[in-house]
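Below, read A as the first sequence line, B as the second, and so on, with proteins coming before strands; counting in each chain starts at 1.
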Amino acid sequence: MEGPLGIPLEHVLYLAITLFLIGVVGILIRRNVIFILLSLELMMNASALAFVAAGAYWQEADGQVMFMFILALAAAEVAVALGLVVQLARRFRTLDIDAASEMTG
Amino acid sequence: MEMLWLVPALPLAGFLVLFVTEGKLPKIAVACIGAGCVGFSAVVAAVVGWEYLTSGTDAYSQVMWTWMAVGEFKVEATLYFDYLALVMVGVITGVGFLIHLYATGYMWEEEGYSRFFAYMNLFVFAMLLLVLGDSLLLLFLGWEGVGLCSYLLIGFFHKDPANGYAARKAFVITRVGDTALILGLLLLFREVGTLGIQESLETARSIWPDGSLMNTAIALLLLGGAVGKSAQVPLQTWLPDAMAGPTPVSALIHAATMVTAGVYLIARMQGIYLLSEHAMLCVAFVGLATLFIASFTALVQSDIKRVLAFSTMSQIGYMFLALGVGAWSAAIFHLMTHAFFKALLFLASGSVILSLHHEQDMHKMGGLWRKLPIPFWSMVVGSIALAALPFTSGFVSKDAILLTAADAPELGMVFWGGAIAAAFMTSLYTTRMMVLTFFGETKMEPHDPSKANMWLPLLVLAALSLGGGWFGFTVLDSLFHDHGVHFGLHLDNPIAIATMCIPLLGLVAGYLIFYANVFDRKGIAESGVGKAVGRFWFVGWGFDKIYDSLVVNPFRWLARVNKGDFVDLLFRFTALVARILNNLFSISQNGRLRWYALTMFGGLLLAIVFVAII
Amino acid sequence: MNVLLLICLLLAAGLVAWASERIRPNLPNWVALTTFVLATLWVVFAWLSGPHEGGLYAEQFYSWIPRFGINVILKVDGLSLMLIGLTMLLGAVAVVSSWTETTTRRGFFQFNILWVMAGVVGVFSAFDLFLFFFFWEVMLIPMYFLIAIWGHEDRSYASMKFFLFTQISGLLMLVAIVALVWIHYSTHGVLSFDYHTLLGAELDDSVARLLMLGFFVAFITKLPSVPLHTWLPDAHTQAPTAGSVILAGILLKTGAYGIVRFVVTLFPEASRDFWIYGMALGVASILYGGFMAYSQSDFKRLVAYSSIAHMGFVLVGVYSFNDLGMQGAIVTMIAHGFSTAALFMMAGALQERLHTREMSKMGGLWVKAPRMGAVTMFFVIASVGMPGLGNFIGEFLVLLGAFQKNVFLTICAAIGIVVAAVYGLSLMQRSFQGTPNPDVPEMRDFAFREMSAMIVLMVALVWLGVYPQHVLSMTDAILPMLGVAP
């Protein structure tokens, strides 16, 4: 089970999973919003990598197409998220995400 | 006789005028309307009465309209006029007019002059409806109407909470009796199928020829109503407190007319009672108990109006006794003479009270007889009629009651003995009242406010109190066609002589005890036993206390404890459970982004594991 | 008369009133008052011109959702007409009484009042169960707004409680309606919400009992009867005056109407077997309501509890299953509408002047406002059951009817009359009589506007008490349908 570059699909997927888990752990343990955002990007790119690998494996363009979508999504997300970060920084004078825990149920 | 409807309509018109004008009329106009309506009503009543007596018919009835009709239940608003109604209407409008006239002077200085006469006129209207209505429901309308006016007038000086309390007590206690009366009406309708008085009496006679349990039950329930309204044992406790009202009110409502409504009711429903021996016996015993208890209580009171109140209870007790032994005409006759002399006593005492600036305590009076001649002599006349000294009106009627009671089978001597003992007490407390009020040293200087409109009624009533016995031989003898009643003097048997003499004895004893001070009165009163007995009598044999601790206080306590409505606890509990659950679940909603992310991934992991296992 | 037109008139007037606030803040009041007066005249006119054939004053049929057998069926018989008349008259009175009370968002206020009334008229005339339920909800929601927006200090609690009680019990009714329709469909193959069609539904005894209970619970919650009454004191106390007047005067009657119109007729056997429970609940309401009224210190709360006692008489009357009891229940409904509405208006007037409803902060008000004192006295004695006024006729007929059915319960109900005297007079004593309270500021007595509203109600009560035949003969015709013809 090798792709055209001779890298087995499993390896790529392991890499994607590792990246994804790094992102998850980052989100869970970092309190700084910027790092959370970075972790988020990491997770997204991990999934994008999985798409690309899968596309290469099946010899289909779908994987690359999905990657394009994810890029666009990430760009949009970053735009909104950075806006929120700025607001957060302004209102709470900190980048600690736990400061913004007012919306309890 | 077509003018009969005018008799109640005139006071009603007076009430409406006074009610609508809201007290904006000048006092003199109010007085003219207030007393004038009742006066005109009396004139119309006299004309109607004259026509009735000369026409020779048994009864006259006037249908006004159908009040309500549901299926078989039909109530006509009908006026019914016969001998009984004649006497009652005569007393209500006649004595009523005199009292209104007196009140125009008595109330002159008071606030709410117009309101007072509005209530009084409404009262007269309701009372007339009570005695003229040919349906028990119309009677009940009048019955409740007089109760309402009594409530309004007892609490007339509404700024003092004590008056309001007395008024409510009167209303509520009579309401207890009224409830019995309503149940009586319900039962009567179920058994007889009508609430028309004449109709139901006829039907009752035909369906219960020898009486029955139902008949007795109805009679007893009606008696319950009568007992409440006429302040008889065991519902008598409201009357002494009712004296909080202005004195003319006490005279009109709580002596002459309303409190005798119970007597009227039983006399009117004679047909039902005649069929039931037990019910008759109950009536007699209620009367006997009341007249006995009340006459002892009157002996130790210090408020002059309370003395008269207990005396009223006691005299109505005589009427009940008379009804119970079948002396119908004697009872109604005593009702009439009692209306004369008790109204006189109240009005005269009212003059005394007014002249002493509303002082009612007899111990603070004394030596007034020279200074207030008209009230004094009126009071003397009233007293001898009350004590039933020979040849006064009170004597004629009470004598008839006592002698008929003595004739009652088996229990005759019990009735007579109790009644004569109370008659002795009557003389005694009357003497005491007179001595304390008018003799001895002067403790307060009176100012005599008497005007013609105040002493004229006294004179008329005094004349009636003395000579009213004349009616007994003429009009009333034919009232109920009962010939077992002894009117007039009977010197042939010892009982009759004793009946005549014992009140005199009471007078002498009273003179010796209270005026000549032969006995050590103070010593007896302050000894241990004397104090206890005096206290017991003073509070009216402790009925109030029993009711308070059995009914009133538990009711109040429960009301206080349950103000928040315990039923609501169930729903509040439901709401509480929902709130607790909410709090429990909302712990997870702590607003921390990372916590949410963790639970999200945790959930995802669980889902994957779950899928993997399957 | 066309009922749908009347309902549309009320709905449209509501919108107009809302919009008219922009022109002049006082204009919505005038719009509402004019509408109600016109509607009252309309009803009176229909009454005077007499019923058509079949004893109906109006009958309309419009197709709505034919696929499910749902149609707009509106009929007005004697009972409905009387209740609609009461509704419109009390609507006018309610508007007059709250003329100066509301100062905020008057347009929306009158909009809500008019829409509640539209719902009530619909409830009183709908002869299609789906339509009935629809109007049942229509009258609920504006009422919720009335309490929640213009209520007093505890309004959100009270309005939520009111909403939940009515809504949950209403859902029970909805389930019962749907089940009834479904059972009828499965036996007859006709899907219909038509009242007259459903009268013929054949039900097993146990099913009939369950469905009957569904309706019964919904209606006694609205009535209300012990033990489902606890929303009422809160809702009444917190509602603005007009809200209380409508709530006590009319909305409670929809519960009573529902029992008479639906429970008794749709499930005749089941309701007859149920009589002892219905009557016992009524008696419990009479005694407990009266007792609770005495223990209150809040003027409005006291009157609210007294309503429970009075509506107990309605329940007792209906469940005595004879013409006397039924007629008594109907007269009680009307008379209670007048007397209690007046007492709530009085409570509102006092609150407007004294900014309190606590009777311990009143006392001796008669001296300051004799007219208000006299008017209160009149309505208190009416509500105590004084003969010659409407309430007595109703209560007496109820007792008379109940006595034929069960003596013991009647005796208990009669004791309620004594209790009524106790709480009624204590209300009078604590507020208007007694020593004038020095803390009470100078207060304005009733003037022409308030007095005229009160006089209308007084005349109505005297009329009902002295000549109740008008009311009695209007409902005579429907008695056979209720199975209680003599």
Side-chain angles (χ1 to χ4, degrees), chain B residues 19 22-23 65-73 77 111-112 115 126 137-138 140-145 147-148 151-152 155 158-161 163-165 167-168 171-172 175-176 178-180 182-183 185-187 189-190 555-556 558-565 567-572 575, chain C residues 161 165 226-227 229-231 233 288 291-292 294-297 305 322-324 327-328 363-364 366-367 370-371 374 377 381 385-388 392-393 396-397 399-400 403-404 407 410-411 414-415 417-418 421-422 425-426 428-429 432-436 466-469 472-473 476 479 485-486:
Chain B
F19 181 69
E22 294 182 326
W65 72 88
T66 303
W67 190 7
M68 58 184 117
V70 178
E72 288 168 18
F73 177 70
E111 261 177 61
R115 188 161 63 90
L137 209 57
L138 204 58
F140 190 71
L141 194 156
W143 188 272
E144 289 293 302
L148 167 69
Y151 160 76
L152 292 171
H158 53 74
K159 283 184 214 168
D160 184 354
N163 296 346
Y165 176 74
R168 274 182 297 150
F171 194 82
V172 171
R175 260 276 158 127
V176 174
D178 297 349
T179 307
I182 287 195
L183 291 172
L185 300 195
L186 301 181
L187 188 58
F189 176 73
R190 196 182 76 178
F555 186 81
R556 282 199 179 145
L558 270 178
R560 206 170 48 241
V561 184
N562 193 31
K563 189 178 170 191
D565 198 346
V567 180
D568 202 26
L569 289 181
L570 180 68
F571 303 108
R572 280 173 188 269
Chain C
K161 201 168 177 182
F165 268 80
V226 172
H229 63 276
T230 62
W231 63 270
Y288 192 68
F291 168 69
M292 286 309 294
Y294 173 75
S295 65
Q296 300 308 312
S297 58
Y305 272 110
N322 50 41
D323 50 343
L324 291 165
Q327 289 281 34
W366 195 303
V367 182
R371 268 186 195 163
M377 180 65 91
I381 62 167
M386 184 59 53
F392 170 75
I393 305 284
F396 186 77
L397 287 177
L399 289 176
L400 206 57
F403 198 79
Q404 325 286 330
V407 174
T410 313
I411 292 174
I415 291 172
I417 298 180
V418 181
V422 174
L425 300 186
S426 105
M428 202 58 214
Q429 175 69 34
F432 280 92
Q433 294 166 336
T435 328
V466 174
Y467 196 75
Q469 209 54 41
L472 295 177
S473 54
D476 252 350
L479 291 184

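Using a 4.5 Å cut-off between heavy atoms, C:S297 contacts chain B through both its backbone and its side chain. Using a 4.5 Å cut-off between heavy atoms, B:F571 touches chain C through its side chain atoms alone. With a threshold of 4.5 angstrom between heavy atoms, B:L187 approaches chain C through its backbone and through its side chain. Residue B:L137 touches chain C through its side chain alone, counting heavy-atom pairs closer than 4.5 Å. Of the atoms belonging to B:F555, heavy atoms from both backbone and side chain fall under 4.5 Å from chain C. For a residue to count as touching a neighbouring chain, one of its non-hydrogen atoms must lie under 4.5 Å from one of that chain's; by this rule C:I381 touches chain B with the side chain only. Contact annotation for C:L472: only side-chain heavy atoms (C-beta onward) come within less than 4.5 Å of a heavy atom of chain B. Residue B:E144 touches chain C through both its backbone and its side chain, counting heavy-atom pairs closer than 4.5 Å. For C:V407, the part sitting under 4.5 Å from any heavy atom of chain B is the side chain, from C-beta outward, and nothing else. Only the side chain of B:W65 comes within contact range of chain C, with at least one heavy atom under 4.5 Å from a heavy atom of that chain.
Taking every heavy atom of both residues into account, C:Q469 and B:W67 meet most closely at OE1-O, 4.0 Å. Counting all heavy atoms, side chain and backbone alike, C:G328 lies closest to C:L397 at CA-CB, 3.5 Å.
Between chain C and the residues B:Y151, B:F73, B:F140, B:F171, the most heavy-atom pairs under 4.5 angstrom are made by B:Y151. Top candidate by heavy-atom pairs under 4.5 Å with chain B, chosen from C:M386, C:Q296, C:M377, is C:M386. Heavy-atom pairs under 4.5 Å with chain C were tallied for B:L570, B:L558, B:N163; the largest tally goes to B:L558. For the set B:G164, B:A167, B:G147, B:G112, the count of heavy-atom pairs under 4.5 angstrom toward chain C peaks at B:G164. Of the listed residues (C:W231, C:F392, C:F396), the greatest number of heavy-atom pairs within a distance under 4.5 Å of chain B belongs to C:F396. With respect to chain B, the highest number of heavy-atom pairs below 4.5 Å among C:I393, C:N322, C:D476 belongs to C:I393. Here B:N562 is the residue among B:N562, B:L138, B:T66 with the most heavy-atom pairs under 4.5 Å with chain C.
In this structure, the side chain of B:R175 engages the main chain of C:I417 through a donor-acceptor pair within 3.5 Å.
B:Y165 meets the ring-ring contact (aromatic ring centres under 6.0 Å, His included) test with no other residue; sequence neighbours excluded.
When ring centroids are compared, C:F432 and B:H158 stay outside the 6.0 Å threshold. With ring centers used as reference points, C:Y294 lies 6.0 Å or more from C:Y305.
Looking only at side-chain heavy atoms (C-beta outward), C:V422 and C:F291 stay at 4.5 Å or farther from each other. No side-chain heavy atom of C:Y467 sits less than 4.5 Å from a side-chain heavy atom of B:M68.
Salt-bridge formation is detected for the pair B:D568/C:K161: a Lys NZ or Arg NE/NH1/NH2 atom is positioned less than 4.0 Å from an Asp or Glu carboxylate oxygen. Under a 4.0 Å N-O distance rule, the pair B:E111/B:K159 qualifies as a salt bridge.
For the pair C:R371 and C:W366, the NZ or CZ position fails the cation-pi test of under 6.0 Å to the six-membered ring centre and within 45 degrees of the ring normal.
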